[in-house]
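Please read all numbers here as calculations on a predicted model, not as lab measurements. Numbering of ligands and ligand atoms starts at 1, following listing order.
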Amino acid sequence: METIEVLKNKLESINEKDYGAYQSLKGEYDYSKFKLLIDQIPKDPYAPPHTGIYRVKLRNNFIDQFNNIFNTKISKIAFRDFLARNFYKATLKKSKGRRGTGNSGIITIDKPEQAVLERNSVLVYKEIIEVRFFMGLPANGREINSQICKVMFFEELPEIIKLALFPENLDMSNLGKHIKTAEDAEHLRSRLESLNLVAFIEDNSILPRKSGTSDEPLDKNIAIPFKSPESLLVEIDLPHSGKTKGMGIPKGITLIVGGGYHGKSTLLNAIEMGIYNHIPGDGREKCISDFTTIKIRAYNGRYIEKVDISTFINNLPLQKNTTQFSTENASGSTSQAASIMEAIEVGTNVLLMDEDTCATNFMIRDQKMQKLVHNDDEPITTFIDKIENLYSNKGISTILVLGGIGDYFDVSNIVIQMKNYNPINVTNRAHEISSFTFDKRLCEGEEHQISIKERVPVKDCINPYNYYNKKSIYSTEINRIHFGKNIIDLIDVEQLIELSQTKAISEAILYINKYVNGKRPVKEIIHKLMCDIEKNGLDILSNKASGHFAQFRGLELAFTINRLRGLKIV
Ligand code: ADP
Ligand code: MG
């Protein structure tokens, strides 16, 4: 450990030298109130943040005041999440940002979005808080600028740390709220099963988002708060906020219908995101869904490797065997069928679909089409003919947004109509319409049982090496991973919300390689990884102190692996 005087002297001695001279700063420095650890410095000013490793460690002065709240796992996660947010906000306030070439001058940390997540940018050991962040050491071209660097190290960084991590500068009531909100949400989710529900949406929630690119809530003056229909109202007692009322969506088959632009997709999106615990002020703090809820959509062009889609698709021209269906280029319907089977394979309980993003020929064959094209000439058994079986035999519920297909009334348990952003329970009317329709479509496909096979990846099929035979794994967008020679397209994996999750998943693919032995099924491999993370944290995914990982579900990892071109199944 060296004094900060040493750091100052080092900085002065390398002024105007080549960027490479920054390497001499590596080491540990004592700032008295905290310690700065510089483990890794990028070799040039353009290098992306994950190539630098900067940490601070300080005494956890919160334990004296907050000892009693760190009882649950979620409270610890929420505490760390809160500090990460604070640090991010403090960098915006106290750092002057980019000054010089490339990333010169920036001080930043992975940006937390609207959910409270386990993340490894802030860790707390009993007495110590560790924060991992990034500093772009400044240069003009490749010429070191010590003047700016000194400002960063001796003015901006200490101020950021003081503002973000010292209890005396924190709003303790906000911290308490952050933790309690997450605990209530977690509790709510744990109650769903015993109440026979798959989702709950609290009255007065704000579901719409600011824009297509922002996950923040729509302005309170414009947004219409959610209000449950009387007949679906459920009351739940929560540890911190007491009794809460809202709409409970029971297990089974639920339709969300209504005119265009009346708020159907917005409601479904809130249910999709109900797998997360939202931060206070998000508007969806008590919109909670079953943790295994998965959004399914059609996405043509995706990769599929030996998935049994025979439940839905049989006798394809040129490819007879759909019990092991593979393609480099799926159609809309085969992609949707494969995604459903892959989700069931790793243990989903709830499927969500929005007509907007489904393949029509996968969803329905109406009665006129049944008359024209004989069943024997149609490889697809449409979802409507399997949806009841999925629930009665496999316990898998479906929530479906529909604007145009009334035939689903026949197979529904609950029908909710969105009208001017208000939900109305129209189940009785829908069932009436259904029973008074005489010229109904025929039910097809009883002969195909729901067939789910465990798939076993071939040993060594996961290859992270690129064309230059160098290990190459990175992601700069939520929905895209560069993995070896391949790009994994995750556009249709809609429940990822942070780039840090994608980064963690991309490293997780490499990590699980050690469990891929040609005998273990996907589900078991993922279970093993999740146990390892549970036990030892997200840090196990990298041999460096990364700080760029956030928690993801096994389902998203499974979906990612399944989209890796090169995955081979035994
Ligand atoms: P649908 O799927 O029924 O066509 P959407 O859910 O896409 O409709 O909603 C249409 C528009 O209305 C979106 O811009 C959405 O943000 C907005 N919106 C949805 N719910 C509300 C609400 N409760 N209050 C205000 N605006 C809303
Ligand atoms: Mg819609």
Practice item. Indicate yes or no: does Lys73 engage Glu118 in a salt bridge with an N to O separation below 4.0 Å. Key: no
Check your understanding: Does the pair Lys264 and Glu355 meet the rule for a salt bridge (charged side-chain N to carboxylate O under 4.0 Å, His left out), with working shown?
Key -> CA-CA 10 Å; Lys264 303 183 296 296; Glu355 198 184 58; over 6 Å; no
Practice item. Tell me, please, if Asp356 has any N/O/S atom, main chain or side chain, under 2.8 Å from the Mg ion (ligand 2)? Key: yes
Review point. N/O/S atom of Ser265 under 2.8 Å from the Mg ion (ligand 2), yes or no?
Key: yes
Review point. Is the shortest side-chain N to carboxylate O distance from Glu444 to Arg365 below 4.0 Å?
Key: yes
Review point. List by chain and number: which residues place a heavy atom under 4.0 Å from ligand 1?
Key: Pro208, Leu218, Ile222, Ala223, Ile224, Gly259, Gly260, Tyr261, His262, Gly263, Lys264, Ser265, Thr266, Tyr421
Point to revise | Carboxylate-amine/guanidinium contact Lys368 Asp439, below 4.0 Å | key: no
Review point. Does a donor on one side chain and an acceptor on the other come within less than 3.5 Å for Ser331 and Thr334?
Key: yes
Review point. Is the closest side-chain donor-acceptor distance between Ser121 and Asp110 under 3.5 Å?
Key: no
Check your understanding: Within the side chain of Glu507, is there an N or O that forms a donor-acceptor pair under 3.5 Å with the backbone of Ala504?
Key -> no
